[in-house]
Number of protein chains: 2
Amino acid sequence: MSVQERKQRERAERERLIVATARELAEQQGWDAVTTRRLAESIEYSQPVLYSHFRGKREIIGAVALQGATELAVAVRASTAAADGPRERVAALARAYLDFAERNPAVYDAIFQLDGGLAYAQEDTPEPLKDAFAALLECLGEVAGDGVQPGLFTETFWACLHGLVTLTRAGRLPPHETGPRVELLVDRLAVL
Amino acid sequence: MSVQERKQRERAERERLIVATARELAEQQGWDAVTTRRLAESIEYSQPVLYSHFRGKREIIGAVALQGATELAVAVRASTAAADGPRERVAALARAYLDFAERNPAVYDAIFQLDGGLAYAQEDTPEPLKDAFAALLECLGEVAGDGVQPGLFTETFWACLHGLVTLTRAGRLPPHETGPRVELLVDRLAVL
DNA sequence: GATCCGATCCTAGCACCGCTAGACAAGAGA
DNA sequence: TCTCTTGTCTAGCGGTGCTAGGATCGGATC
């Protein structure tokens, strides 16, 4: 049985390599540059090997998204844990979120913009995605205010951050005043 | 000179046809389905004709975006003109914006998500885009509150609406509670 | 009216894309 | 050592955006 186990290990290792390489390529040159040919060449296998791990390019994007969601949850929780007081926690969360998007634009797109074949906001939503939302909810639920459901408030606040990220990154908003915009959001939306 | 004039008219007419057809195709089957081959076939010309009007597919998307921005500005102004009082005006604007995005998803993407080769938030930004932002500013600038620049407030409010639109349309937010989310935005962000 | 010439359009093709069928080789088990 | 499964690769399909170069059509000129 040891032979099969070794093969399984090697397969899993190669799968990690595919995801990591796709992510790297996407961050360096954008998702458009992540073609199955280039990806295959980068991992030093032929194209069809990719399809023995994933149904297609979409599933590879999905795998990157799940990895990214896990990291985003960690980053958000770390930022809020280190902050004192509700206002500072919300501000820290917002900064951490924007920071993640800025540092990992391709991963951010995989999670929130591209089609990775994942289910969102449903029962069969993968755990990393649920957990990333939960990380937001843990902090933002506290400042929803009376008569506003924590979930609804979190969704709305999150949407605002997402709007800032995408409009800025798409060149629709000048980037230099992101700070004041976020402050405005925190001050007005959160009930402290 | 009349012959040249006629030819110019026909050329302009064909250009309108290209843009209208691209828009229609995109709304019906999504931008991925708007290929140069399909588009050429729809207007009953060969592919290279498209390139005698536009540098490439990107510029066609840009043309649709400009058309859409003009319509968005009209829709926003119409909604705010028909509303009484600041709060009702802001709420009407938000509804009109979301309504436009829902009714014209492909056009919305052309304006705010896709690369149409247009300059945004710069001096050489095309007039329709500037005017669409101006339409938002006219209404939202009134409710920015003390010490907050109207432009900055408009950008932030707009980003929130944009976040709601994109997350909802990408399946990241359940669509049925859009109403309460918008109410939350209007009540908290606008200073009445 | 015949001829010329420039504008206009189309055919055919490039390099690339995601994806897959089928040939082939390597290695485990008898 | 031989067989057979498993895994990998080559080659190719139909599609993409885009373009070079030839054909054709129509207005201007003699």
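Chain letters run A, B, ... following the sequence lines, proteins first and then strands; every chain starts at 1. Heavy-atom basis, side chains included; hydrogens, waters and symmetry copies ignored.
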In whole angstroms, how far is the C1' atom of C/dG18 from the CD atom of A/E41? 17 Å
Separation of C/dC17 C1' from A/L50 CG (nearest whole Å): 14 Å
Partners of A/E41 by side chain to side chain donor-acceptor pair (under 3.5 Å), sequence neighbours excluded? none
Output all residues satisfying ring-ring contact (aromatic ring centres under 6.0 Å, His included) with B/Y120, sequence neighbours left out; order by chain, then residue number. none
When every nucleotide of nucleotides 9-19 of chain D is labelled 5' to 3' by its protein contacts under 4.0 Å (heavy atoms), B for base, S for sugar-phosphate only, - for none, what sequence of letters results? BB-B---BBBB
Residue set satisfying salt bridge (Lys or Arg N to Asp or Glu O under 4.0 Å) with A/R11, at least two apart, ordered chain then number -> none
Let me know the distance between CG of A/L39 and C1' of C/dG18, rounded to the nearest Å. 12 Å
According to salt bridge (Lys or Arg N to Asp or Glu O under 4.0 Å), who are the partners of A/E183, at least two apart in sequence or on a separate chain? none
Salt bridge check: are B/R169 and B/E102 linked by an N-O gap of less than 4.0 Å? no
Looking at residues at least two apart in the chain, or sitting in another chain, which of them share a side chain to side chain donor-acceptor pair (under 3.5 Å) with A/Y45? none
How close or far is atom C1' of C/dC10 from atom NE2 of B/H53, stated in whole angstroms? 14 Å
For the pair made of CD in A/E59 and P in C/dG18, what is the distance, rounded to whole Å? 15 Å
Just how far, in rounded Å, is C1' of C/dC10 from CZ of B/R14? 12 Å
Under 4.0 Å between any heavy atoms, over every strand shown, what does A/R11 touch: base, sugar-phosphate, or nothing? Just pick one. nothing
